[in-house]
Structures are given as C-alpha cells and as structure tokens.
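Please read all numbers here as calculations on a predicted model, not as lab measurements.
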Amino acid sequence: MLDWEHIFATRSSRMRASEIRELLKLLDQPDIISFAGGIPDPALFPDVAFKEAYSDIFSGAQVNAALQYSVSEGYKPLREWIARDVAKIGIDCTPDNVFITSGSQQALDYLGKLFLSPNDTALVTWPTYLGALSAFNAYEPNYDQLSLNGNRTPDAYRDTAAKTGGSVKFAYLSADFSNPTGETIDLAARERLLALADELDIAILEDAAYQHLRYDGEAIPPILALDIARRGGIENTRTIYSGSFSKTLAPGLRVGFVVAAMPVIRKLVLMKQAADLHSSTINQIAIEHVASRGFDAQVAKIKSVYSKRRDAMLAALDKYMPKNATWTRPEGGMFVWVTLPEGMDGAELLAKSIATEKVAFVPGRAFYADGSNANTLRMSFSCADEAMIDEGIKRLGRLISNAIRAAA
C-alpha cells in the first residue's frame, strides 16, 4: 500500500479526531443517557418557521438568487440584521463589518490561518474549546496559558513565545458561558485582557457562540463592545467577535459570522473566495427570514427550557455527587464542568460509565492544550429532560463515589 504519511504536509500530524464528534455517535444508542454533546435540543428547533421561510423563497422572486452564486461577504440583509442585533449589546458597526461563515467553526479556521505562522503562539484559557484547538492546530502553533487573574507580565508571554521560535499572535477565549466550563469572564478580567493585548500588540478572538443564552445574573458587555467604547469606533479595535445561529436557530444550516474592523474583514473575504466562494445562499436567506420574524421569541423559548435543565443538573449534582468533587454553576450556556479528586481519570471513568451505568460525558483532558487535568469532565444539560438528568447524575454519582472508595 502507498505510504501517504511522507506525502502529507507536516501540519497534518497535528490533526486529531474530535472526542466530542466521536461521542456524538452515542446519541444513536437509546439506552445511553448522554451529557456528552454540546448540541441544541432538536425538539426546540423552529421547524415551522423554516418551512415557511423556504416556502416563501421557492414560491417568490428570490428563488433564482437563492440558488445562485453570491458574494463572499454574505447575504446583505442578513448582515444588516446581525449589525442591528449586536448593536443591542454595544457593538456599533455597519453591515460591512459583518462577514458570514459556514458556522463559527469555519471562522476559527480562517482566523487561525490568518494569524498563525508555524511556531507562533496562541494564548488560550486552560481549559478551552476543543474545536478551537482543532482549528488552530493545522497552522502549527504553540499554546500558552491565558491567565486573566494571574501575575504574568506581557514580557513573560513574549519571552515564552520567542523561546519556541515565534511570537504571540492572539488571545482566544469565550467570555460568556464558555465551552467547556460554562464560566463567564467578569468585567475586570475583560478590561485586563484588553490592556494585555495592547501591551503585546495582538488580536483578541472573542468566541460568542452562547451570547444569547443567559438565564440569570447581570449581562456583561462583550469584549468588542468594551474595545469600541475605549477606542471610539470599531475600525480602531483589535477584538474580533464571532457568533453563530447554531445554538439559537439551527446548527444544520451552518451559518455563523464574524464582526471586526475592515482590514480583518477584507482578508477573510479573500480566504472565503479561495476556500468555498461563499456560504450557502439559500440558508443565509432562510436564516434572515426566521431571525427577522421571530428571533427574540425563539431565544426566549429555548432559554426557558435550558434554564430548567441547568437547574435540574445543579440540583442533582448537589444531591448525588461526593463531597470531594466540585463543579461550576453557570449563569447560561449549555455546560457544567466537574473536577474530580486528583488521580482520577475522566477517560477511564467514561469507559466504566458507558459499560455499567449507561451515562456519557466528555473527559476533560481534551480541552487542555497540554493534555493535563485528566480528573475533569464536561457535561451538557441541553438535550436531556429533568427526569433523565436526575437519573443520569444519580448513576454517575454512584460510579464516582465507588471509584473514590476503591482508590482510598
């Protein structure tokens, strides 16, 4: 057989199968209670609204444009809607500052390609979104821990990057209800990040996939909104904001977006022209139809359901988990992050859990750029009802308590 490995580019050695994508296969097993996939509940999709949208497209004058090639920037009425929507949270921009992608995952890939040369450094939180690591890995970076509450200086970051043969290019984070921890970065830490980015002269990549899913607590301005306020306008900012309709409307349509200063947008457009020309025209038009007719009502509906499931998971953790396990208490999003006693391994626990308790989750090690912290796990509450959550956490608590006793 042909040995492909010596023909592949060196970057291919950094590509890894996503543990989450593999675990999603478990959703097809009816006897598994899954807290693994960070995916929306399909029962909450606005399917009737999309049926109406596509019917309107195919029965009206838009059909030819919907089935045709389109501009790389994205469907203008959708970009106009996004500009109006983000203005509500302090991001004052024009539609020209909005760029449509095939899901926010494509945005991460493009941004990695735009900023990272081999051996450059990306600053990421510990842990961070696994999909971001997968997107950036192809461009052969090094990673350093972004610590917003620590005492590392800009020179310390700069020196570490230089020792590995490159320079710091950006800081990546999800500021609200992050995947995987569900945590939110407070206002002071956002301000410190802006100051750090100024010192290092780097970009900030703000992943806002869960921006609309706040269930309680006070909303905090996005980092880009703070950047705009400090600098007097989006064209002077260094923050790049990415969002998605996957968690609010429907992930299958693969419509995401980037909001940024025009020099960044122009480069992204060139990448789009070289990669896939443009995102699906008809799906962009359908998203704009549904969003303009009932986005706020759809968000209110899913928040009502997910907040109850979040509450159910936290109550079950309080009830069934051993005292030496800890977990986050998110104000929104889809995730709770559990930390187990030192020495436990989430991957080993998952194998036992599936075999004996029929409960799935995601081991936490994959979310760390250095593969550390094996004693962590991510659980999503979005796709299980309250009864399933209680039963699943009960089983998992029993398994973890038994494992702790066996190790004692």
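Leu350 and Ala360 get closest at one heavy-atom pair: CD1-CA, 4.0 Å. Closest approach of Val124 to Ala369, counting heavy atoms only: CG2-CB, 4.4 Å. Between Pro127 and Thr181, the closest heavy-atom pair is CG-CG2, 3.5 Å. The nearest pair of heavy atoms linking Pro95 to Ala83 is N-CB, 4.1 Å. Residues Ala250 and Phe50 come closest through the heavy atom pair CB-CE1, 3.9 Å. Minimum interatomic distance between Met262 and Asp96 (heavy atoms only, all atoms of both residues): SD-O, 3.0 Å.
Checked by atom type and distance alone, the side chain of Asn283 pairs as donor or acceptor with a backbone atom of Leu253 at under 3.5 Å. A donor-acceptor pair under 3.5 Å is absent between the side-chain atoms of Ser304 and the main chain of Ala300, judged by distance alone. A donor-acceptor pair under 3.5 Å is formed between the side chain of Gln284 and the backbone N or O of Tyr75. Side chain of Ser244 to main chain of Gly103: no donor-acceptor pair is present (N/O by atom type, distance under 3.5 Å, no hydrogens or angles). Panel note: side chain Arg192, backbone Leu148; a donor-acceptor pair is recorded below 3.5 Å. Side-chain atoms of Glu331 do not come within 3.5 Å of backbone N or O of Thr184 as any donor-acceptor pair. Asn375 places no side-chain N or O within donor-acceptor distance of the main-chain N or O of Asp345, the cut-off being under 3.5 Å. Judged purely by atom type and a 3.5 angstrom limit, Tyr215 uses its side chain to pair as donor or acceptor with the backbone of Gly333. The main-chain N or O of Gly346 is never found under 3.5 Å from a side-chain atom of Arg365 such that the two would form a donor-acceptor pair. Put simply, the side chain of Asp227 gets close to the backbone of Thr239: a donor and an acceptor are under 3.5 Å apart.
Looking only at atom types and distance, the side chain of Asn142 has a donor-acceptor partner in the side chain of Thr164 under 3.5 Å away. A side-chain N or O of Ser279 and one of Ser102 form a donor-acceptor pair less than 3.5 Å apart. Of the N and O atoms on the side chains of Arg230 and Asn236, not one donor lies less than 3.5 Å from an acceptor on the other residue. Using modelled atom types and a 3.5 Å distance limit, the side chains of Asp155 and Thr153 yield no donor-acceptor pair. Judged by distance alone, the side chains of Gln211 and Tyr241 do bring a donor and an acceptor atom under 3.5 Å apart.
With ring centers used as reference points, Phe335 lies 6.0 Å or more from Phe367.
Using a 4.5 Å heavy-atom cutoff, the side chains of Phe99 and Ile240 are not in contact. With contacts defined as side-chain heavy-atom distances shorter than 4.5 Å, the pair Phe115/Tyr172 does not qualify. Using a 4.5 Å heavy-atom cutoff, the side chains of Trp327 and Leu314 are in contact. Between Ile223 and Leu173, the closest side-chain pair of non-hydrogen atoms falls below 4.5 Å. Between Ile82 and Ile100, some side-chain heavy-atom pair lies under the 4.5 Å cut-off. Side-chain contact between Asp120 and Tyr139 is absent, with no heavy-atom pair separated by less than 4.5 Å. The shortest distance between side-chain heavy atoms of Thr160 and Lys163 does not fall below 4.5 Å. By the 4.5 Å heavy-atom criterion applied to side chains, Ser178 and Tyr129 are not counted as neighbours.
Of the candidates Lys303, Lys308, Arg310, Arg310 is the only one forming a salt bridge (Lys or Arg N to Asp or Glu O under 4.0 Å) with Asp216. When each of Thr128, Asp370, Asn137 is paired with Tyr143, the side-chain hydrogen bond (donor to acceptor under 3.5 Å, both in side chains) condition holds for Asn137 and for no other.
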Verify side chain to side chain contact (heavy atoms under 4.5 Å, CB included) between Leu224 and Val86, making sure each step is shown before the conclusion. CA-CA 10 Å; Leu224 179 53; Val86 298; over 6 Å; no
May I have the step-by-step check of side chain to side chain contact (heavy atoms under 4.5 Å, CB included) for Leu399 and Val359, ending in yes or no? CA-CA 10 Å; Leu399 178 69; Val359 177; over 6 Å; no
Might you work through the side chain to side chain donor-acceptor pair (under 3.5 Å) test for Ser382 and Ser380, ending with a clear yes or no? CA-CA 6 Å; Ser382 58; Ser380 172; 3.1 Å; yes
Salt bridge (Lys or Arg N to Asp or Glu O under 4.0 Å) between Asp198 and Arg238, intermediate numbers included: CA-CA 8 Å; Asp198 285 346; Arg238 62 173 70 250; 2.9 Å; yes
For the pair Thr94 and Asn97, evaluate side chain to side chain donor-acceptor pair (under 3.5 Å) and give the outcome as yes or no after the intermediate values. CA-CA 5 Å; Thr94 73; Asn97 296 111; 3.1 Å; yes
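Here the CG-CG distance, from Asp41 to Leu44, works out to 4.5 Å after rounding to the nearest 0.5 Å. Separating the NZ atom in Lys169 from the CG atom in Leu200 is a distance of 13.0 Å, to the nearest 0.5 Å. Remark: Asp201 CG to Ser167 OG distance equals 10.0 Å, nearest 0.5 Å. We find the CD1-CD1 distance between Ile234 and Ile228 to be 4.5 Å, quoted to the nearest 0.5 Å. Atom OG in Ser292 sits 11.5 Å away from atom CD in Glu80 (nearest 0.5 Å). A distance of 6.5 Å separates NE2 in His289 from CG in Asp56, rounded to the nearest 0.5 Å.
More than 12 heavy atoms of other residues, nucleotides or ligands sit less than 6.0 Å from atom CG of Asp31. More than 12 heavy atoms of other residues, nucleotides or ligands sit less than 6.0 Å from atom CZ of Arg293. The number of heavy-atom neighbours closer than 6.0 Å to OH of Tyr69, taken from other residues, nucleotides and ligands shown, is 12 or below. The neighbour count for Asp92 CG, taken as heavy atoms of other residues, nucleotides or ligands under 6.0 Å away, does not exceed 12. The number of heavy atoms from other shown groups lying within 6.0 Å of NZ (Lys76) does not exceed 12. Surrounding NZ of Lys301 are more than 12 heavy atoms belonging to other residues, nucleotides or ligands, all under 6.0 Å away.
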Show the atom names and distances, to 0.1 Å, of all donor-acceptor pairs under 3.5 Å that link a side chain in residues 386-396 to residues at least two apart or in another chain.
| residue | atom | partner | partner atom | Å |
| --- | --- | --- | --- | --- |
| Asp390 | OD1 | Tyr320 | OH | 3.4 |
| Asp390 | OD2 | Tyr320 | OH | 3.1 |
| Glu391 | OE2 | Arg395 | NE | 3.0 |
| Arg395 | NH1 | Glu357 | O | 2.9 |

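Classified by interplanar angle (parallel below 30°, tilted 30° to 60°, perpendicular above 60°), the ring pair Phe245/Phe257 is tilted. In this pair, Phe8 and Trp4 present their aromatic rings parallel. The plane angle is below 30°, not in the 30 to 60° band. Ring orientation note: the planes of Tyr368 and Trp337 are tilted relative to one another, at an angle of 30° to 60°.
Using a cut-off of 4.0 Å between Lys/Arg side-chain N and Asp/Glu carboxylate O, Asp176 and Arg190 are scored as salt-bridged.
Sequence neighbours left out, the pairs with a member in residues 252-269 that pass side chain to side chain donor-acceptor pair (under 3.5 Å) are Ser246-Arg254.
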